[in-house]
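Accompanying notes for the structure given below.
All of these numbers come straight from a predicted model, not from anything done at the bench. Just so we're on the same page: letters track the sequence lines, and every chain starts at 1.
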Amino acid sequence: MDFKLKVWRQKDAKSKGHFETYEVKNISPDTSFLEMMDILNEQLIKEGIEAVALNKGCHEKKSGPVAFDHDCREGICGMCSLYINGRAHGPDDEITTCQLHMRKFKDGETITIEPWRSKGFPVVKDLVVDRGAFDKILQAGGFISVNTGAPQDANAIPIPKKAADESMDAAACVGCGACVATCKNGSAMLFVAARVSSLALLPQGKVEAAARVKSMIAKMDELGFGSCTNTRACEMECPKRVKISHIARLNREFLSAKLKD
Amino acid sequence: MAKLDSKIPEGPLAQKWTEHKAHIRVVSPANKRKLEIIVVGTGLGGASAAASLGELGYNVKIFCISDSPRRAHSIAAQGGINAAKNYQNDNDSVYRLFYDTIKGGDYRSREANVYRLAEVSNSIIDQCVAQGVPFARDYGGLLDNRSFGGAQVSRTFYARGQTGQQLLLGAYAALNRQIAKKSVTSYPRHEMVDLVMINGEAKGIIARNLVTGKLERFGAHAVVLATGGYGNTYFLSTNAMNCNGSAAWQCYKKGAFFANPCFAQIHPTCIPVHGDQQSKLTLMSESLRNDGRIWVPKKLEDVARLRKGEVKASQIAEEDRDYFLERRYPAFGNLVPRDVASRAAKERCDAGYGVNEQGLAVFLDFKTAIARLGKDVITARYGNLFQMYEKITAVNPYEEPMMIYPAIHYTMGGIWVDYNLQTTIPGLYAIGEANFSDHGGNRLGASALMQGLADGYFILPYTIGDYLAGKIQVPKTDINDPAFEEAEKAFEEKCDKVLNIKGNKSVDRFHKELGHLMWEYVGMARNEAGLKKAIEEIKALKAEFWKNVYVPGDKAEFNQELEKALRLADFFEIGELMARDALNRKESCGGHFREEMQTPEGETLRDDKNFAYVSAWEYKGENAEPELHKEDLKFEFVKLATRNYKD
């Protein structure tokens, strides 16, 4: 398969970015999207090599291979991002970009590739963004305050299967940021809700539930993420299908915490 | 030989750790505040260690190459974590977990370390539940278990097919709590590029800020390496793309011995390679072997029809299927250890029974399980894995069997450590996959998570205190010491050298070539001639790399090609040492299969008389051969036996 790629290039956080267009040819439909990006980069490196061979030195002027974040390539680390043809993680459901395959595109198609665009995630280079804000939100309370030591036996508190399963549904969040990138308000509510809800569903997480939800929400607001207006776009694009019912639980937790103040 | 003191405590096996803990020194809270510890890596080992050390009151700095500690590759572990809880009342015990691990490792690990691992395994589960890890539960609200390879009990705890993720999020949450308390400082997108030693002790690191490309100096009283394994030497592996052996390799070059480098694990159930444009292999969890049955056709004509697409796997009659693991190993069946299952699949494919176009795949079939349990139960157990498989291959595994083939997955070898997890460099510790200590020649499934967390939560926080108790009078490390200057300069020169070559071959092309050599000669089956050839060819490839690689861009910027090039430069050397170690070990054990050493049935043939030792290699300089040191393995409590998974 052949594709025309319109790729966002940006030297660093301070520079202004722009689109550049490239062509890739003979791509197998079984190739993953990120492998296609590897192929593009191999091609761009080859152009650099040829430029050096011709002694033009212009490889330095060209932007070189495209920087993009990726790591596990099995949809679990949450490192890959990419806004592809206007959709976070591209044109398929319940996947991260590394799980997207070229068979999902039409031969000859033009594909537009952008970084996550959100106030909360400044661009580092090309398609790489800084999602450090997510770490900061979790540091504000996304934990259960228990030291390493000798907690009681793991089976001491039975947890209803339904609660454990629901907690797991929320805990499946990979922290990729697709929810923020997709939200017209740049809200991080689904991300925050996933953590709050996952812990609030478990007896061991209930102890600090009120303090947790207030602290995490305050941090989210402080870091410049927008508010939730229930468009459900986040849920649609979440690679792990974390549901907005967790946002509802977050709101309940938040309200009841505030009422207790 | 004096150089290798394993410091295994005296006394009965079950008392060693308790006795040892009772006698090692501790540091008072007032003094802990004065002491600094660097932890490199934020996977299960690094995150749990840093969090626990922070809780104790030490000043901790933590480094990771990703944008967040949560991305570490521990996150990708799917199936589960072992513990000897005996919740299923199937007669499990600490001793049984210990024994299974020693046996699974083909008797090439230390009894004392493995026993300790089994001993602390139960505390890990308690700790994780307290942190809010949503393990699978049954309808009574109690924890559920499943079985993994090499065990006849159900001792594996799991959170769907995302156990590694959930455990890492638990450790990461504990870490976040300490970061908020400022006992831990986090440095994401920072890569350790060298270890700094002063007067023979580990005193700090040089880290490259991957965003700006600038070098930064960090001093400490001790350094903990939790940087994982070196499986990416093979280019194609189940490891994440950024996993690398470079931090460990710099420590090796500074004097830390590297142990059992040839012990690499090949995982039987990975999605087969589809072509040469591939960058990464995907694992399908071992837990699938609880319910999946592995087979190839009995008749070669069926194989030919399958390859041509004339017939579907589901159309091949039951009597024409060869469930080769069940046939060869009736007692363990599809749940034999990974090395055994991998070799059995290779044997069938070598004999011409491989079921995909390339002839390098076997089936993993759920037909029987779906008929027995219903589709819903299978979905509840493996839904996300089935979905992942379908996304990648466009085949629905509920209807047609999965195709799988072995791939490089984990490295049992690593930096040599003593019982305290200290390397041969005073003040340098190695934990998790980065060390060599617990898995011998083959790691059992669901034991990597166990080891990472055991080291980080329950072992290192105690043993490092024994060392640091002697350092309470030592002031903070001065980062203006000439040792920092030298390390920084050496690294700058290496960067300049690789950037200035401006040759005509990309980093990935070199890496693919190295991968081919490794897989061909240092892969699932090895022999003397092949290993000798590998050593020469790797050397030649490395020499070509340093003449002809092309790395675009600059060192003082975000430059992913430069990162890859520097890591690859080390992979050549790691690969060579792996081949050298494999050549030295003239026996077959665990994942290391020397073709010269096999039984008439094609099983591994150990040589306990000559090779019941840990090979620990000492770096001797750029062009010198490394020196081999041997740590004899003494088996006081188990009897060395041939592994038998048949009856």
Side-chain angles (χ1 to χ4, degrees), chain A residues 12 28 30-31 35 38-39 42 45 48-49 52-53 59 64-65 67 69-79 94-95 99 103 124-125 130-132 134-135 138-140 142-148 150-155 158-161 164 167-168 171-172 175 198-199 202 204-205, chain B residues 51-52 55 66-68 70-71 73 75-76 87 123 125-127 129-132 134 137-143 159-160 162 165-166 169 173-174 176-177 179-180 188 211 240-242 274-275 277-280 282-283 387-388 391-392 394 457 461 502 504 506 508 550 552-553 558 560-561:
Chain A
D12 51 36
S28 151
D30 289 334
T31 300
E35 280 165 354
D38 292 337
I39 293 166
E42 189 67 28
I45 290 165
I49 291 171
V52 172
H59 65 288
D69 265 332
H70 64 100
D71 202 14
C72 78
R73 301 224 180 172
E74 17 187 287
I76 193 75
C77 76
M79 189 81 173
E94 292 180 61
I95 50 151
Q99 296 172 298
R103 64 178 89 93
V124 172
K125 181 177 180 177
D130 179 0
R131 285 168 289 195
F134 271 9
D135 281 345
L138 292 178
Q139 284 157 17
F143 44 75
I144 290 172
S145 297
V146 54
N147 278 3
T148 305
Q152 61 195 334
D153 185 85
N155 258 350
I159 299 175
K161 183 171 163 47
S167 171
M168 180 62 218
S198 168
L199 294 179
L202 303 171
Q204 54 279 52
Chain B
S52 304
E55 288 163 9
S66 310
D67 71 335
S68 163
R70 69 182 294 159
R71 315 281 183 215
H73 195 52
I75 206 150
Y87 282 162
S123 304
I125 303 305
D126 300 341
Q127 183 66 33
V129 167
Q131 290 169 344
R137 289 177 183 266
D138 59 27
Y139 287 99
L142 302 180
L143 293 161
R160 292 194 192 138
Q162 293 126 283
Q165 179 199 26
Q166 294 310 312
L169 293 181
N176 279 334
R177 179 167 160 250
I179 293 172
V211 176
M241 298 295 284
N242 296 314
H274 65 69
Q277 292 183 333
Q278 201 163 356
S279 314
K280 169 72 178 37
T282 304
L283 176 75
Q387 185 236 23
M388 191 200 272
K391 291 284 180 197
I392 293 173
Y457 283 135
K502 296 276 179 255
N504 63 24
S506 71
D508 278 358
Y550 173 79
F558 188 97
Q560 292 172 317
E561 283 297 308

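Residue contact with chain A, scored on non-hydrogen atoms closer than 4.5 Å, involves the backbone and the side chain of B/Gln127 alike. Contact annotation for B/Asp138: only backbone heavy atoms (N, CA, C, O) come within less than 4.5 Å of a heavy atom of chain A. Residue B/Ala51: no heavy atom, backbone or side chain, is found under 4.5 Å from chain A. With a threshold of 4.5 angstrom between heavy atoms, B/Gln387 approaches chain A through side-chain atoms but not through N, CA, C or O. Contacts between A/Asp38 and chain B at a heavy-atom distance below 4.5 Å involve the side chain alone, from C-beta outward. Using a 4.5 Å cut-off between heavy atoms, A/Pro151 touches chain B through backbone and side chain atoms alike. Neither the backbone nor the side chain of A/Ala140 comes within contact range of chain B; no heavy atoms are under 4.5 Å apart. Only the side chain of A/Gln204 comes within contact range of chain B, with at least one heavy atom under 4.5 Å from a heavy atom of that chain. Looking at A/Ile45, both its backbone and its side chain come within 4.5 Å of chain B, counting heavy atoms on both sides. Contacts between B/Gln131 and chain A at a heavy-atom distance below 4.5 Å involve backbone atoms as well as side-chain atoms. For A/Leu202, the part lying near chain B is the side chain, with the backbone staying farther off; criterion is any non-hydrogen pair under 4.5 Å. If you measure heavy-atom distances from A/Ile95 to chain B, the contacts under 4.5 Å come from the side chain alone.
Cation-pi geometry between A/Lys125 and B/Phe558 is not met: the NZ or CZ atom fails to fall both under 6.0 Å from the ring centre and inside 45° of the normal.
With a 4.5 Å cut-off on side-chain heavy atoms, B/Arg71 and A/Arg131 count as touching. Here the side chains of B/Arg177 and A/Val146 are not in contact, with every heavy-atom distance at 4.5 Å or above. In this structure the side chain of B/Ser279 reaches within 4.5 angstrom of the side chain of A/Arg73, judged on heavy atoms.
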In sequence, state the C-alpha distance, the side-chain angles, and the governing distance for B/Ile392 and A/Gln99, and then conclude on side-chain contact (heavy atoms from CB on, under 4.5 Å). CA-CA 7 Å; B/Ile392 293 173; A/Gln99 296 172 298; 5.5 Å; no
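In this structure, the side chain of A/Asp71 engages the main chain of B/Asn242 through a donor-acceptor pair within 3.5 Å. Side chain of B/Asn504 to main chain of A/Ile49: no donor-acceptor pair is present (N/O by atom type, distance under 3.5 Å, no hydrogens or angles). For the pair A/Asn155 (side chain) and B/Leu143 (backbone), a donor-acceptor distance under 3.5 Å is present. The backbone N or O of A/Ile76 sits nowhere less than 3.5 Å from a side-chain atom of B/Gln165 that would complete a donor-acceptor pair.
Rounding to the nearest 0.5 Å gives a distance of 7.5 Å between CD of B/Gln166 and OG of A/Ser167. For the atom pair A/His70 NE2 and B/Met241 CE, the distance stands at 5.5 Å (nearest 0.5 Å).
Of the residues considered (A/Ile144, A/Ile159, A/Asp130), A/Ile159 shows the highest number of contacts with chain B, using heavy-atom pairs under 4.5 Å.
Among residues two or more places apart in sequence or in another chain, the ring pair (Phe, Tyr, Trp, His ring centres under 6.0 Å) test is passed with A/Phe134 by A/Phe121, A/Phe191. Checked against ring pair (Phe, Tyr, Trp, His ring centres under 6.0 Å), B/His73 has no partners two or more places apart in sequence or in another chain.
For B/Gln277 and A/Ser28, the side-chain atoms include no donor-acceptor pair closer than 3.5 Å.
The existence of a salt bridge linking B/Lys280 and A/Glu74 is confirmed by a sub-4.0 Å separation between a basic side-chain nitrogen and an acidic carboxylate oxygen.
In terms of heavy atoms, B/Asn176 sits closest to A/Gln139 at OD1-CG, 3.4 Å.
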